[in-house]
Amino acid sequence: MITYIIRRLVAAIVLLFVVSAITFSIFYLVPRLAGATPESLATRYVGRAADVETVELTAERLGFYDPIWVQYGNWAKGVVVGTTYDMGAQDVECPAPCLGYSFITRQAVFPELMDRAPVTFALAIGASILWLITGVSIGVLSALKRGSFFDRFAMIFALAGVSMPIFWTGLMALAFFSYKFNITAPGGSYTPFTQNPAAWAYDLLLPWITLSLLFSAQYARLTRAGMLETMNEDYVRTARAKGLVEKRVVVKHGLRGALTPIVTIFGLDFGLLIGGAVLTERVFSLNGLGNYAVQGIFANDLPKILGVTLLAAVFVVMANLIVDILYAVVDPRVRTR
Amino acid sequence: MSESTSTLREPAPGPTGDGEPFLDVRDLRVHFPTDDGLVKSVDGLSFHVHRGKTLGIVGESGSGKSVTSMSVMGLHKQGTANISGQILVDGTDVVGSSPEIVRKMRGKRMAMIFQDPLSAMHPYYTVGNQIIEAYRIHNDVSKDRARQHAIEMLDRVGIPEPHQRVDSYPHQYSGGRRQRAMIAMALSCDPELLIADEPTTALDVTVQAQILDLIRDLQKEFHSAVIIITHDLGVVAELADDILVMYAGRSVEYGTADQIFNEPEHPYTWGLLGSMPRFDRVRSERLLPIPGSPPSLINVPKGCAFNPRCRFADLNGDLSTTERPELVDAGHNHLVACHLPPAKRRELWRDEIQPKL
Amino acid sequence: MTVTDPSGAARAEGAGTAERRELLKVTGLVKHFPIRKGLLQKQVAAVQAVDGLDFTVREGETLSLVGESGCGKSTTGRLITRLEEPTAGKIEFEDRDITHLKDGPMRPLRRDIQMIFQDPYSSLNPRHTVGKIVSAPFHLQDVKPEGGVKKAVQDLLELVGLNPEHYNRYPHEFSGGQRQRIGIARTLALKPRLIVADEPVSALDVSIQAQVVNLLEDLQDELNLTYVMIAHDLSVVRHVSDRVAVMYLGKIVEIADRDPLYERPMHPYTVALMSAVPIPDTKRRHERERIRLQGDVPSPINPPPACRFHTRCWKAQDICKTQEPPLVELAPRHQVACHFPENAPAGTSDTPSGDVPPADPGSR
Ligand SMILES: Nc1ncnc2c1ncn2[C@@H]1O[C@H](COP(=O)(O)OP(=O)(O)OP(=O)(O)O)[C@@H](O)[C@H]1O
Ligand SMILES: Nc1ncnc2c1ncn2[C@@H]1O[C@H](COP(=O)(O)OP(=O)(O)OP(=O)(O)O)[C@@H](O)[C@H]1O
Ligand code: SF4
Ligand SMILES: [Mg+2]
Ligand SMILES: [Mg+2]
């Protein structure tokens, strides 16, 4: 198990480099292939009015004249050991993990990311608790009452939930609950948990529900399929033959057996989500990582994009690793061979 | 919720034991409505088992053996099966009782072991955990006490180092040990009836022999009634006092083991005996298979269900193809469902069948 | 084999087969499956599935391989049919070394050596008609049978006792026994010489099993087939075989003609195996002498040293733990690998190592 984790960690680090290199290449190369020169790129940062000398100086300072691998190397070095930036007037110390400075706002990327991460985390954690509870219980009930009115209704709901895009459901929810009936907080509200937990929850309630709607539909289907399978397993029959009450048969034996795929998918979904729930954050104007990435992309602000991508990749890779470890926790056959 | 009392019962036909039978199944019918039609998996089956006795149920795949055992345990899902008749477990009718009453009987009064011990145990819980659970359903004891009991049970069924093994997972056991653990679990609440549905089919001969010995020993010790379901006549010959031969959801012959093996009267039983290569006799030149294959339980042949495969069906005029033979006593509580006159059957067995086996 | 075959009776005695030609010869056959672990996936151990087999099969005879689950029977079958690459040893078919033949040169030989599998359900493609399934070998091997493929397939169906008109049906329309017949028909399409049958009747009901056993015997007589039969049911094995090899943990512990083996088993493992078979006879229930092996078969990853059976053997002495008993001929055509064989003819029970006292046949 230990060697396994080490192997996975090494693989994860390699993977992170590959992901960042690809992102780096895309956002550096694509504009150049489209005909941009180092000077024209630098112009974007200093403004059109600047004279040639300033532009060239900026391009020089940003390293636009270096070959791409050197530029990537510098960036990667910054991530690992930190670096020093020549910002014209004075040198700026950027400690590891240095994700660079936004070309436009001139803010260090990493602290900005850390500022926004809690928003995304709060969104992801709340929503996932909601969808786990609703999705799994709807799935279990559906499987037990297979073919019943409830089952059919739930599966239609699930189908609808999966196929409705979040910007639609989100906007509708906002329109009704926040603006028409004033039950929930309007878009853009966010109170840090440390300030006022109640307000925090109140502000996030609608985003949570919207986001979990999508996922709980998926999880209901997944759970239902898993339960239909495990409830026909021999070991469930054995549990009944022992004289166990049906509720325990379902939860302790049936659901426990169906849990493995749910845990797997959940880990991956959660990892993706904390990398940035882009649509939800846009719709509810939450300043999380997803929104940050979107701003970066619109502004072609490479350090921002790279920073978010790397962070998201870290989350996904971590989630993968955790899922694999969880797998061993959930299934003793993996743990004890 | 009808609880039949034993006073209403008359002595049941069939091989007898002392006193009231512990399990008395009367005219059991289990039908499954499906899209293709009504599957008559069990269609009028009666048998009984006394405490301390072993009943063997034999028959080909699909003859309704497992459906029968599941009915006795009350394990058919409500709504999927139409069940009628009576299954009296020590006087309580499983068919007519509420699910809660039957649940409380499961594990405590009657227990079951299954064919494939790997799939029959939950892969995510330790063996000990599963035995402890079984014990605590019916016994209000602490976890520690139950664990102690689980270790005792594992020791009793011959698992070495039960103190350590109790914390192992089923996949860490070998096939034979898994079946032993299943038996330990089934016996943990000291049930009076043990149903073993093909308990050794998935095991090697050497392990099968160990398990059969174990069941035999435990039965002596616990004095329980045992039903052993199998398609291997060798296994029932080793264990059973009485044997019920099933074909297409019905009993075709029911008697003591000696009667079934030494003076069988039903052509299907002859067929089974002739199909089996004999390990213990001079090798016969050729096996004598039963032609054709078992019928679909949706379209059971009219008359005697066995008639399309029976060499002697035409000896009865058209009786075999038109009228279903009832299970009647051919003497000495040996029940046979065949239109051939008993004298003729004995003659056929003596002159035609037995010499060729 | 039927009574109509004049050679059948003689063959059963084993005398007839002695003069027959050797079709298959296996020497020192080994198959180890590596187990890899750790960061670099280094090989840390191996499953010693088959570990040094020697046997021959003569034309027209049936050799059965018996033994407990995991002893390497199927692996042996797959090695003979070259579905698996041997780790060491030699396989000769008609005096030709086929041990490491590449796919190309092996192709014509695949016609001669065929395999029947256990599961009549999963071994047939459910989306193909019976005609397509049975004719597949013709297409694979580019063979144009006389009178056309369809005619050939219908003849094959008839041969295995199926209605030739069922040419266009699908496997699910047939019962288990009939499906196994379809599988057999497919196997027979290219007129093989050697058929390796891996548990051909284990999944079938007794009454159907008997039909298929009879069919296999009839076909053997009609087509002069040679069988290597893999089975665990000792009663079936006794019925079908001319010779029987008993395997334990990847090794042959005893190999002999059928009757001597069943009447006078010499290896303690064979004796135990035989005594474990339940007998369908209530009269003999109590008179049988029972030998119950304790415990389970050890793991083939780390088999016991010397005699692999010594951990469960009731006759084991110190020498069994230190010296591997060689497979030696203790009676004509009867080879046993044991230091203290049972039922050994007087004078031959001395083990080759010499310094061990002769086994007392009565010492159980
Ligand atoms: N839930 C069900 N719905 C419909 N048909 C069923 C159901 N359960 C069992 N059957 C049918 O009932 C028949 C008897 O099945 P059963 O499992 O009792 O056979 P068996 O005698 O135990 O055979 P085997 O030796 O293969 O275990 C079969 O034809 C089976 O298809
Ligand atoms: N591809 C493989 N990789 C690793 N181990 C294998 C492989 N195939 C077989 N084995 C192992 O080799 C041993 C012999 O297997 P084999 O299938 O030959 O046994 P068998 O005698 O046919 O058993 P059974 O009666 O259960 O079919 C077993 O321990 C098995 O787990
Ligand atoms: S060699 Fe020894 S251990 Fe092996 S079978 Fe013979 S007596 Fe038993
Ligand atoms: Mg069954
Ligand atoms: Mg095998």
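We use all heavy atoms of the structure for the numbers below, so side chains are in, but hydrogens, waters and symmetry mates are not.
With a 4.5 Å cut-off on non-hydrogen atoms, C/Val206 touches chain B through its backbone and its side chain both. Residue contact with chain C, scored on non-hydrogen atoms closer than 4.5 Å, involves the side chain of B/Ser174 exclusively. Both the backbone and the side chain of B/Ile290 have a heavy atom closer than 4.5 Å to some heavy atom of chain C. Only the side chain of C/Arg292 comes within contact range of chain B, with at least one heavy atom under 4.5 Å from a heavy atom of that chain. Neither the backbone nor the side chain of B/Pro160 comes within less than 4.5 Å of any heavy atom of chain C. Of the two parts of B/Leu239, only the backbone, made up of N, CA, C and O, holds a non-hydrogen atom closer than 4.5 Å to a non-hydrogen atom of chain C.
When the candidates B/Val207, B/Asp213, B/Val235 are compared by the number of heavy-atom contacts under 4.5 Å with chain C, B/Asp213 comes out ahead. Most heavy-atom pairs under 4.5 Å with chain C: of the set B/Gly234, B/Ser293, B/Ser61, this distinction falls to B/Gly234. For the set B/Ala240, B/Gly62, B/Gly175, the entry with the most heavy-atom pairs within less than 4.5 Å of chain C is B/Ala240.
Side-chain contact check for C/Gln209 versus B/Ser275: every heavy-atom pair is 4.5 Å or farther apart. In this structure, the side chains of C/Ile208 and B/Pro289 stay at 4.5 Å or more apart for every pair of heavy atoms.
Minimum heavy-atom separation, C/Leu293 to B/Thr206: CD1-CG2, 3.9 Å. Scanning both residues, C/Ser235 and B/Phe279, for their nearest heavy atoms gives OG-CB, 3.5 Å. Residues C/Glu68 and B/Asp204 come closest through the heavy atom pair CB-OD2, 3.3 Å. Of all heavy-atom pairs between B/Pro277 and C/His239, the closest is CB-CB, 3.8 Å. B/Leu287 approaches C/Asn214 most closely through the heavy-atom pair O-ND2, 2.9 Å. Shortest non-hydrogen contact noted between C/Pro280 and B/Met276 is CG-CE, 3.6 Å.
A donor-acceptor pair is defined here as one N or O able to donate and one able to accept, closer than 3.5 Å; no such pair exists between the side chain of C/Asp205 and the backbone of B/Glu60.
For C/Gln178, the side-chain contact (heavy atoms from CB on, under 4.5 Å) criterion is met by C/Leu162, C/Phe174, C/Ser175, not counting sequence neighbours.
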